[in-house]
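Here is the structure we will look at, set down as C-alpha cells.
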Amino acid sequence: MEKYGVEVEDKKPKAKEVGLQELPGTHENIVLRFAPNPSGPLHIGHSRAAVPNAEYVKRHNGKLILRVEDTDPKRVFEPAYEMIPEDLEWLGIKPDEIVYQSDRFEIYYDYARQLIEKGAAYMCTCDGATFKELKDNCQACPCRDNSVEENLELWEKFNTMKAGDAVLRVKTDIAHKNPAIRDWVAMRLVDETHPRLGNKFRIYPMMNFSVAVDDHLMGMTHVLRGKDHLANSEKQKYLYDHMGWDLPEFIHYGRLKMEDIALSTSKAMAGIEDGTYSGWDDPRLGTLRAIARRGIDPRTIYNLITEIGVKMADSAISWKKIYGLNRNFLEPVANRYFFCEEPQLISVENYDGGKVDIERPLHADHLDRGNRILPFDGKAYLAKRDISDGIFRLMDAVNVEINGDNVSYHSTSFEDARSVKARIIQWVPVEDNVNVKIVMDDASTKTGLGEGALKDLEVGNVVQFERVGFARLDEIKDDELIFYYAHK
RNA sequence: GCUCCGGUGGUGUAGUCCGGCCAAUCAUUUCGGCCUUUCGAGCCGAAGACUCGGGUUCGAAUCCCGGCCGGAGCACCA
C-alpha cells in the first residue's frame with residue numbers, strides 16, 4: 001500500500017492474557033509485593049490484593065515480596081504473623097521473600113534525616129488542629145520555614161519529646177488542590193508496646209513514608225493497590241521526587257463488595273472474644289480459613305479474583321458466583337452419600353424381599369471408584385422432611401406408599417416408580433449408619449444419620465449428600481462425623 | 001462540602017486507548033428440556049446488557065460535552 005501513499009494501520013497486538021489485563025510498563029524482572037497489615041488472618045478482601053500480584057509474578061517470572069506492614073503497634077495482632085503466610089499458602093501463593101517493616105526502622109530514620117538535609121522535610125510542632133486550619137487555607141505553618149539546622153536539631157530531640165508534640169512532615173505543595181496531599185506526616189511518636197519491638201522505638205514511620213521508602217529500596221516495578229490509596233500514591237510521588245527516585249507503575253483497583261460479609265477484621269475479633277464466633281474459621285466469617293473449612297477450593301477464589309482483574313470500577317461478588325465456580329471443582333471429586341436429617345425409622349409393611357445389599361456407585365461418573373453397600377431388610381431411616389403422604393422410591397431399593405404413619409410396600413422396580421411418578425428419596429440403613437452433624441454456613445446445624453460408608457472418609461474430604469449439598473468432613477468424633485456445609 | 005475516580009445482561013468479565021470484523025465475549029444466574037435412578041447433581045438448550053441526552057462521523061459500547069447514578073479520599077491508621 002505504500003506506493004499509494006496510504007498509511008497502513010498498525011494496531012497494537014491484541015494478544016491479551018485471559019482474565020487479567022496486561023501489566024503496563026516493563027515485563028522484565030518485575031518485582032511486586034503483597035503488603036498487608038498484620039491485624040488478623042487474611043479475608044477475601046485481601047485476596048483482591050494478593051492474587052493479582054502473585055499472578056503477574058507468575059506470568060512474568062518475577063519476584064513477589066510479602067511485606068508485613070506493622071508500623072502501627074495498635075493494629076498488630078500477633079498471631080497474624082503466622083496466619084498470613086498460611087493463608088497465602090492456601091491460595092497457592094508462595095512469596096519469594098518475607099520482610100517485616102518493624103525490622104527496618106533504622107532505615108526509615110536514615111531516609112528521614114536525608115530528607116531533612118535536602119530541605120524536603122521539616123519538624124512540625126504545631127498542634128494538629130492549627131496545622132489543619134492553615135493547611136485548609138493553603139497556608140504554610142511557621143515550622144515550614146525552619147532552617148535545615150533547626151530541623152536537624154529538633155529531629156535529634158524528637159525521641160525525647162512527648163507524643164503528639166511534634167511530627168516530621170514531607171513538603172509537597174501547600175496549595176495542592178487536594179488538601180489531603182499538602183505536607184503530609186512522615187514520622188510521629190507512639191508510646192505503645194510493639195509485639196516485635198517492645199518499647200525499643202518511639203519514633204514510628206507513617207505508612208506513606210515506610211511504604212515509599214521500601215517500594216523503592218526493594219525495587220518494586222509495579223505497585224498494585226486499591227483506589228482508596230489514590231491520594232496516597234500522589235503523596236508518595238512527592239517523596240520519590242525529593243529523593244530523585246524513579247517511579248514504579250502505580251495501578252489502582254476498585255473496591256470489592258462482598259455480599260453479606262461486611263465484617264471487618266476488628267468486628268470479627270470482637271465477635272470471637274465475646275463468643276459470638278467460634279474462631280477465625282467460623283463459617284459466618286469471610287476469612288480465607290473460614291471458607292477453606294467449608295470446602296471452597298482455593299482455585300475458586302484465585303480464579304474469581306483473577307477474572308475481576310485490576311480495573312478501577314468497583315465490583316460486587318456474590319456467594320452464588322463463588323458457589324457456581326466452586327461446584328465445578330467439587331462435582332468431579334465429591335463422592336455421593338445418603339444423609340437423613342431428623343431420621344425417622346420406618347418399617348415397610350408387606351415387604352418380603354428379604355435382606356438385600358444395595359450397591360450404589362460412589363460417583364456415577366467415575367464408576368472406577370467402586371460402590372458403597374447399603375443393606376436393606378424392610379426397615380430404614382428417612383429424613384423427617386421427606387415423609388408425607390404419597391408414593392416414594394427409596395433410592396435403589398423399593399417403592400413405598402406412605403399414608404400417615406403407615407408405610408407399605410408398593411413395588412420394587414424403578415420403572416414402577418416412574419410410572420406413578422414417585423419421587424426418589426434417600427434413606428439410611430438401620431444396620432449400618434453413622435451419626436452426622438452438618439454445620440451450615442450460618443452456623444446452624446443439621447443433625448441426622450448418614451450411611452455407614454461415610455466412616456471410611458478422612459478429615460478434609462468433600463462429599464455430596466444427595467439432595468442436600470456439598471460438605472467437607474471437618475472432624476471425626478468417636479460417635480459422630482462433623483461436616484461443614486459448602487453449598488448445594 | 002471539597003478533591004478525585006468510575007458506569008457493558010441479576011452478578012462478574014471481554015471489547016473502549018487506535019470508531020466499522022460487536023444485531024457485543026465468556027462465566028455465573030434464571031428458565032425450559034433430558035437423564036433405567038439426585039424433580040436440590042449432571043447433561044443439553046434458551047433468556048438477559050452497552051447509564052441517559054446531545055454532538056462529531058458515512059458509521060459510536062468505543063471520540064467530545066452535559067446530566068444522572070455510584071464509589072473513594074479529605075488522620076500523628078494501613
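A, B, ... follow the sequence lines: proteins, then strands. Residue 1 opens every chain. Here the structure is a predicted model, which means the values were calculated and not measured.
- Taking the side chain of A/K177 as heavy atoms from C-beta on, and the options B/rU38, B/rC4, B/rU30, the nearest nucleotide is B/rC4.
- Of the side-chain N and O atoms in A/S318, none sit less than 4.0 angstrom from OP1 or OP2 of B/rG12.
- Both A/F465 and A/F470 lie near RNA chain B, and the one whose nearest nucleotide falls closer to the 5' end is A/F465.
- In this structure, B/rA23 forms no base pair with any nucleotide, since neither Watson-Crick nor G-U wobble geometry is met with both distances under 3.5 Å.
- Here A/M207 lies in heavy-atom contact (under 4.0 Å) with a base.
- For an aromatic pair to be called close, the ring centres must be under 6.0 Å apart, and A/F470 with A/F465 fails this.
- Nucleotide B/rC35 holds its C1' atom 14 Å from the CD atom of A/E466, rounded to whole Å.
- Computed from coordinates, the A/R336 CZ to B/rG40 C1' distance equals 12 Å when rounded to whole Å.
- Here the P atom of nucleotide B/rA75 and the CZ atom of A/R75 are 15 Å apart, to the nearest Å.
- Atom C1' of B/rU8 sits at a distance of 13 Å from the matching atom of B/rC26, rounded to the whole Å.
- Spacing between B/rA24 and B/rC50 at atom C1', rounded to whole Å, works out to 8 Å.
- With hydrogens and angles ignored, a donor-acceptor pair closer than 3.5 Å exists between the side chain of A/Q464 and the base of B/rU38.
- Rounded to whole Å, atom C1' of B/rG73 lies 7 Å from atom CG of A/N178.
- Here A/N208 lies out of heavy-atom contact (under 4.0 Å) with every strand.
- Taking only distance into account, the side chain of A/R418 never meets the base of B/rU36 through a donor-acceptor pair shorter than 3.5 Å.
- The distance between atom NZ of A/K227 and atom C1' of B/rA72, rounded to the nearest whole Å, is 6 Å.
- Remark: C1' of B/rU3 and CG of A/D136 are 12 Å apart, rounded to the nearest angstrom.
- B/rU13 and B/rA27 are spaced 8 Å apart, taking the C1' atom of each and rounding to whole Å.
- Comparing B/rU11 with B/rU16, their P atoms are spaced 23 Å from each other, to the whole Å.
- With B/rA41, B/rU37, B/rG73 as the candidates, the nucleotide lying closest to the side chain of A/M395 is B/rU37.
- Comparing B/rA78, B/rC39, B/rG7 by their closest approach to the side chain of A/R467 singles out B/rC39.
- The environment of CD in A/Q139 is crowded: more than 12 heavy-atom neighbours from other residues, nucleotides or ligands sit within 6.0 Å.
- With no hydrogens or angles considered, no side-chain donor-acceptor pair links A/D70 and A/Q101 at under 3.5 Å.
- Defined by atom type and a distance below 3.5 Å, a donor-acceptor pair is missing between the side-chain atoms of A/T300 and A/D297.
- Using atom P as the reference point in both B/rU28 and B/rC34, the two lie 22 Å apart (nearest Å).
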**Message:** The test is salt bridge (charged side-chain N to carboxylate O under 4.0 Å, His left out); show your working for A/K321 and A/E307 and say whether it passes.
**Reply:** CA-CA 12 Å; A/K321 174 85 174 180; A/E307 175 183 323; 3.5 Å; yes
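- In terms of position along RNA chain B, the nucleotide closest to A/S315 lies nearer the 5' end than the nucleotide closest to the other residue of the pair A/R385 and A/S315.
- At the heavy-atom level, A/D396 lies under 4.0 Å from base atoms of the strands shown.
- Note on A/M187: nothing from the nucleic acid sits closer than 4.0 angstrom, heavy atoms only.
- Within 4.0 Å (heavy atoms only), A/R360 reaches sugar-phosphate atoms of the nucleic acid but no base atom.
- Atom CG of A/N328 and atom C1' of B/rA41 are 12 Å apart (whole Å).
- Pair assignment for B/rA47: B/rU29, on the basis of Watson-Crick or G-U wobble contacts that are both within less than 3.5 Å.
- No contact: A/H252 has no heavy atom under 4.0 Å from any strand.
- Across all strands shown, the partner of B/rC34 is B/rG42, judged by Watson-Crick or G-U wobble contacts whose two distances both fall under 3.5 Å.
- Taking each heavy atom of A/G40 and A/T265 in turn, the nearest pair found is CA-CG2, 3.9 Å.
- Nucleic acid contact class of A/R48 (heavy atoms, under 4.0 Å, all strands): none.
- As judged by a 4.0 angstrom heavy-atom cut-off over every strand, A/S39 is placed among residues making no nucleic acid contact.
- A/K311 comes within contact range of the sugar-phosphate backbone alone, with a heavy-atom separation under 4.0 Å but no base atom that close.
- Side-chain to base pairing of A/E331 with B/rG42: no donor and acceptor N or O lie closer than 3.5 Å to each other.
- When the P atom is compared between B/rC68 and B/rG32, the two are found 42 Å apart, to the nearest whole Å.
- Surrounding CD of A/E150 are more than 12 heavy atoms belonging to other residues, nucleotides or ligands, all under 6.0 Å away.
- Counting any heavy atom pair closer than 4.0 Å across all strands shown, A/D165 reaches no nucleic acid atom.
- One can find a donor-acceptor pair under 3.5 Å joining the base of B/rA27 and the side-chain atoms of A/K321.
- At the heavy-atom level, A/K488 lies under 4.0 Å from base atoms of the strands shown.
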**Asked** So A/Y484 and A/D441, side-chain hydrogen bond (donor to acceptor under 3.5 Å, both in side chains) or not? Walk me through it.
**Response** CA-CA 8 Å; A/Y484 270 63; A/D441 52 359; over 6 Å; no
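- When the C1' atom is compared between B/rU36 and B/rG42, the two are found 16 Å apart, to the nearest whole Å.
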**Item:** Full working for salt bridge (charged side-chain N to carboxylate O under 4.0 Å, His left out) between A/K162 and A/D191
**Value:** CA-CA 9 Å; A/K162 222 172 90 221; A/D191 284 315; over 6 Å; no
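- Once the 5.5 Å centre distance and the 30° plane angle are applied, the aromatic ring of A/F414 is found stacked with the base of B/rU37.
- Looking at heavy-atom distances under 4.0 Å, A/K257 makes no contact with the nucleic acid at all.
- On the C1' atoms, B/rC63 is 8 Å away from B/rU56, given to the nearest whole Å.
- Computed from coordinates, the A/R393 CZ to B/rC35 P distance equals 17 Å when rounded to whole Å.
- Nucleotide B/rC4 forms a Watson-Crick or G-U wobble pair with B/rG71, both donor-acceptor distances falling under 3.5 Å.
- Within the 4.0 angstrom heavy-atom criterion, only backbone atoms of the sugar-phosphate kind lie near A/V185; the bases stay farther away.
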